[in-house]
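Remember, predicted model here, so these are calculated numbers, not experimental data. Letters A, B, ... are given to chains in the order of the sequence lines, protein chains preceding strands, and every chain is numbered from 1.
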Amino acid sequence: MTAMELERQVMDAFQRLSFPIAQLSATGVVLECDDALAELLGSTRLELTGKPLAAAGGRLTAILELAHKTGVASGQELALRNKDGKEVPVLLYLLARRDEQGTPTGFLAFVRDMSAMVRARAELQQRETALRESEERYRELVENQGEGVGIADAEERFVFANRAAEEIFGVPPGTLVGRKLDDLLEPEQLAIVKRQSDMRRQGRRSSYELEIRHSQGKQLTLRVTATPRFNAEGRLVGTFATFVDITRSRQAEADLHENEEKYRNLVERANDGIVIVQETLVKFANKRFARMLGYSVADLIGTAFVDYVHPDEQLKVADFDRRRLAGELVPAVYETVLWQRDGGGLAVELNCGVISYRGEPADLRFVRDITERKQAEDEIRAHSERLERLNRVLSEERQKLLTLTDELTKANEELKRLSEMKSDFVAAASHELRTPLTTIVEGIKLAEDGSLGAVNEEQQEYLRLAREDALRLRDLIDTLLDTAKIERGKMTASKDRVNVTGIATRIVTTYGSYARDKGLTLNREFPPEPVHVYCDSGHYHRVLANLVSNAVKFTPHGGTVTVRIREGTNHTVVTSVEDTGVGIPQDQEYRIFVKFEQVQRPAHQMQGGTGLGLALCKQLVELNGGSIGFESSEGAGSTFYFALPAYQDQPPTGDEWLRMNS
Amino acid sequence: MAKRILAIDDEPRILSMIRKRLETLGYIVSVAADGIEGLRKARTERPDLIILDLLLPDVSGFEVCALLKGDAELRSIPVLMLTARSQAADIAEGRRVGADAYITKPYESDTLVEQVARLLARTEPEPGNGGRGSGSK
């Protein structure tokens with residue numbers, strides 16, 4: 001079959017199919033076309049002829065090329081443009097035509113109108129999308145609703161379950177499908193499910209409650225609603241079920257019940273009477289209120305409340321009630337008296353408040369028996385009257401005390417004045433007291449050392465005793481005078497360069513014979529060179545003499561007293577007096593430097609004294625910028641020491657003074 | 001040669017004690033009971049040392065001392081002040097008027113003797129001044 005013959009056959013075939021047809025040049029210009037094509041493109045044959053075939057996009061050129069190369073382009077989708085420029089979807093079939101030499105002369109084009117097909121396809125697509133969306137919405141609805149939804153097959157095996165159902169059964173997402181309900185339940189719940197399944201087999205919808213326990217131990221109560229599904233033949237093919245977690249509403253019901261119980265209890269067991277009054281009538285009363293009055297609850301219901309108020313109080317209560325109803329501001333809490341069945345009165349406190357009772361406004365009243373409170377109030381009143389009386393008496397007493405205090409203050413001032421006079425007197429007496437002593441001591445000394453003629457041994461002995469006691473008396477007077485001076489604030493230290501080894505040597509000499517008389521050894525340990533201190537020489541003498549005198553006084557026969565002078569730290573000189581005496585008990589140490597205090601000792605150890613010595617020593621040492629202290633153990637002796645600033649060629653600077661004095 | 005000492009004090013008892021103590025030690029002692037008499041005796045007797053009480057009935061010891069030290073002829077005689085007080089102000093005042101030393105009453109006879117010996121020893125380097133000694137007898 002020649003190409004021509006083939007072409008003819010094809011053409012015949014297409015013509016039988018009555019596709020619109022056109023003859024195109026090699027460049028796609030319409031050379032000839034039939035009415036069908038003109039109709040398809042909304043034109044006339046004349047209008048189409050001589051113009052390129054109008055197509056959307058550049059696809060036509062590609063199809064022409066394909067047909068040119070291979071001879072045929074079959075079923076190419078393409079959109080042509082009609083007269084108005086609108087796209088017309090078509091399938092284009094091209095047959096290349098050639099002359100005898102095989103040179104292409106053009107194309108034979110068959111056009112199949114695809115408009116209807118394309119419309120149908122679009123519609124289908126739209127429907128599919130709508131369906132998909134609808135499905136999606138439905139799934140979402142099922143998945144996201146609070147109720148669990150499940151579908152089971154005839155064997156009660158889940159074939160579908162939403163997320164909520166999985167949560168209710170406490171299983172991981174996607175794991176409920178394929179499981180049987182039985183697997184998820186406690187044994188005792190199985191019977192319930194079984195009975196319900198049987199009911200469904202008979203075509204009945206079932207609704208029941210199930211207790212389930214999660215593997216984590218959480219316990220839930222479910223409301224299950226199961227609807228049987230039958231196929232066209234009426235055979236049970238499965239169940240559609242919803243699961244609702246009603247644990248909380250169950251709990252709420254239980255709570256409500258409990259609350260009601262609680263309130264009933266409260267109302268019945270309350271210590272207060274409780275009564276509800278509506279339109280002046282008693283609508284409710286607890287037992288307590290009835291007992292207060294001596295009636296039973298039943299007696300009271302439906303009667304007027306005011307009948308139970310004492311006649312003296314009825315007007316007041318009725319007035320209050322009326323005004324409260326009228327919306328006036330009346331006290332919600334007030335006291336009144338109830339009228340008991342036996343005619344007695346009961347003092348009560350009413351606490352009224354409006355509530356809604358059975359849908360209508362009502363007055364809820366708490367009624368408290370205040371008999372005891374009244375009594376207590378009476379007692380308190382009586383008590384406070386007593387207190388007031390007492391207060392008056394106290395106030396009078398206080399006035400008296402104030403007067404007394406005034407007098408005391410005056411007396412105190414007088415005493416102070418007297419004390420000052422005493423100090424003044426003592427100071428004035430200084431000269432008068434010292435002068436005769438000078439004569440006494442010196443007189444005795446002159447006699448004693450033979451300046452007044454020979455003395456025998458016995459005379460010598462008595463003269464010595466007289467001298468020593470005269471000296472002790474002098475020391476005592478000096479101590480008294482110095483104390484008086486310090487008290488008057490008249491004591492000042494005239495500080496100078498003082499050779500303290502010299503003073504100490506004289507003191508050791510003076511007390512040497514006193515010590516010897518007592519059978520003591522009085523030692524001294526001084527540096528070989530004289531030591532100089534910056535202080536008042538008289539004060540130094542007084543302090544050391546006092547310490548040595550004390551040491552000798554409190555050291556028993558055979559003991560030792562040692563006086564030492566040594567350099568201390570921070571440019572000080574330390575003078576110490578160590579004895580092997582009775583020592584100072586620890587609990588008495590606080591008394592040591594206190595005026596008029598003496599260490600308390602057993603009577604046989606008492607040594608007498610004024611108790612002024614060490615107090616004076618402390619004041620004198622401090623006046624001279626030094627410090628004093630002691631170390632002692634009871635029974636093993638004491639060491640008293642005081643430190644004073646060493647004399648330096650350059651007077652101490654302010655800082656050094658501070659350091660020394662601190 | 002025995003040294004001569006003039007003691008000026010208004011208390012005869014004290015004077016007698018001082019006198020006895022110093023005489024026992026070999027000094028020649030004369031006494032005056034008030035400032036005027038003391039000044040007079042100082043001029044006439046020219047003692048080697050004057051012991052001067054601060055509290056005198058007529059003129060104070062300070063004044064007596066100032067007068068002694070203001071007199072060119074008597075200036076060299078050491079003055080030992082004797083006072084019942086030990087006030088810094090008094091001691092400073094004593095120094096100011098030229099007292100050579102002071103001791104406080106009630107005095108220790110040892111201290112008195114010590115000071116007397118010390119002050120007299122200071123005048124020793126003038127042994128040539130014999131006129132004073134002869135003038136008193």
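When heavy atoms are compared at a cutoff of 4.5 Å, Leu437(A) does not approach chain B at all.
Annotation: side chain to side chain contact (heavy atoms under 4.5 Å, CB included) contacts of Ser549(A) (sequence neighbours excluded): Tyr511(A).
Under the 4.5 Å side-chain criterion, counting only non-hydrogen atoms from C-beta, Thr438(A) is not in contact with Met17(B). Annotation: side chain of Asp449(A) is in contact with side chain of Arg21(B) (closest heavy-atom distance under 4.5 Å). Contact check for Lys20(B) versus Glu442(A): no side-chain heavy atoms found under the 4.5 Å cut-off. Between Arg506(A) and Asp110(B), the closest side-chain pair of non-hydrogen atoms is not below 4.5 Å.
For a heavy-atom cut-off of 4.5 Å, chain B lies close to Ser451(A), Leu452(A) in residues 450-465 of chain A.
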